[in-house]
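I have placed the structure first, in the form of structure tokens, so that the comments after it can refer back to it.
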Amino acid sequence: QVQLVESGGGLVQAGGFLTLSCAASGRTFRRYAMGWFRQAPGKEREFVAAISRSGGTTYYGDSVKGRFTISRDNAKNTVSLQMNSLKPEDTAVYYCAADTYYNSNWDGLPPHDQADFGSWGQGTQVTVSS
């Protein structure tokens, strides 16, 4: 398995921006499609964004499309989430995740179902004040 550690969360005013980072260690990072999910209090965990193995294909949840950008650096074993135009409803714990298809060579549309991700970070809190 790969170990994931998120950072970069915090408190920001509505309309502001934050960048989350996720550092991976363990197995070969470039063999994983990566994703970001979030969970607000009292709600189910929600898909935010995903990126393919090479970084060439990305996919976003409808609620963040046009505001968030996912990227990865395979040389540094990191995946990032740039969050712009933040809204109070973006308040949640944000989780980084690696997919379960380590032995796949698929580099197209990345998975976006939680069931397709087998390694998770501990989460980082993002709070957006109104």
Side-chain angles (χ1 to χ4, degrees):
Q1 272 194 333
V2 63
Q3 289 76 49
L4 304 171
V5 178
E6 302 97 335
S7 61
L11 173 64
V12 64
Q13 287 189 331
F17 63 91
L18 275 177
T19 300
L20 305 183
S21 294
C22 174
S25 61
R27 305 187 82 179
T28 305
F29 177 70
R30 67 180 181 273
R31 294 200 60 85
Y32 293 98
M34 299 295 296
W36 286 94
F37 292 79
R38 67 186 183 186
Q39 188 166 22
K43 295 188 177 181
E44 294 186 352
R45 193 156 53 184
E46 172 191 23
F47 169 75
V48 175
I51 190 166
S52 63
R53 284 163 176 73
S54 69
T57 305
T58 57
Y59 187 74
Y60 296 92
D62 288 341
S63 61
V64 306
K65 204 172 295 182
R67 299 188 298 123
F68 291 11
T69 302
I70 188 171
S71 61
R72 68 188 294 164
D73 186 334
N74 285 344
K76 296 183 178 179
N77 292 353
T78 58
V79 59
S80 298
L81 185 69
Q82 174 69 43
M83 306 185 294
N84 296 327
S85 302
L86 283 162
K87 305 175 181 179
E89 50 264 43
D90 293 318
T91 296
V93 177
Y94 283 71
Y95 298 92
C96 171
D99 80 349
T100 61
Y101 307 111
Y102 184 77
N103 292 316
S104 170
N105 292 319
W106 175 251
D107 197 37
L109 187 68
H112 51 278
D113 190 303
Q114 294 183 53
D116 292 316
F117 291 83
S119 299
W120 296 81
Q122 82 289 350
T124 186
Q125 176 70 46
V126 172
T127 302
V128 184
S129 64
S130 56

Between S129 and Q13, a side-chain donor and acceptor under 3.5 Å: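 No.
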Provide the closest heavy-atom pair for [X] versus [Y] in the form atom of the first, atom of the second, distance.
X    : Y    : answer
A14  : S130 : CB-CA, 4.3 Å
S63  : R38  : OG-NH2, 3.2 Å
T100 : A115 : CG2-O, 4.5 Å
S52  : G108 : CB-O, 3.4 Å
N74  : R53  : ND2-O, 3.0 Å
P110 : Y59  : CG-CB, 4.2 Å

> Got a donor-acceptor contact below 3.5 angstrom from the R67 side chain to the S85 backbone?
Replying inline: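 Pair found, side chain donor or acceptor close to backbone of S85.
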Has the side chain of E6 got a donor or acceptor atom that lies under 3.5 Å from a matching backbone atom of Q122?
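Indeed, once roles are kept as given, a pair shorter than 3.5 Å links the two residues.
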Using the rule given for salt bridge (Lys or Arg N to Asp or Glu O under 4.0 Å), can you reason through D90 versus K87, listing the C-alpha separation, both sets of side-chain angles and the distance that settles it, and then say yes or no? CA-CA 5 Å; D90 293 318; K87 305 175 181 179; over 6 Å; no
> Measuring from Q39:CD to E46:CD, what's the distance to the nearest 0.5 Å?
Replying inline: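 Result: 10.0 Å between the selected atoms.
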Could you state the interatomic distance from CG (D116) to CG (D99), rounded to the nearest 0.5 Å?
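Going from the CG atom of D116 to the CG atom of D99 covers 7.5 Å.
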* Would a 4.5 Å heavy-atom cut-off, applied to side chains only, mark T91 and Q125 as touching? ->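 T91 reaches Q125 side chain to side chain.
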Please give the remaining members of the hydrophobic cluster of V2, linking ILVMFWY side chains under 4.5 Å, ordered by chain and number.
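Traced through the cluster, V2 reaches L4, V12, L18, L20, F29, Y32, M34, W36, V48, I51, Y60, V64, F68, I70, V79, L81, M83, L86, Y94, Y102, V126, V128.
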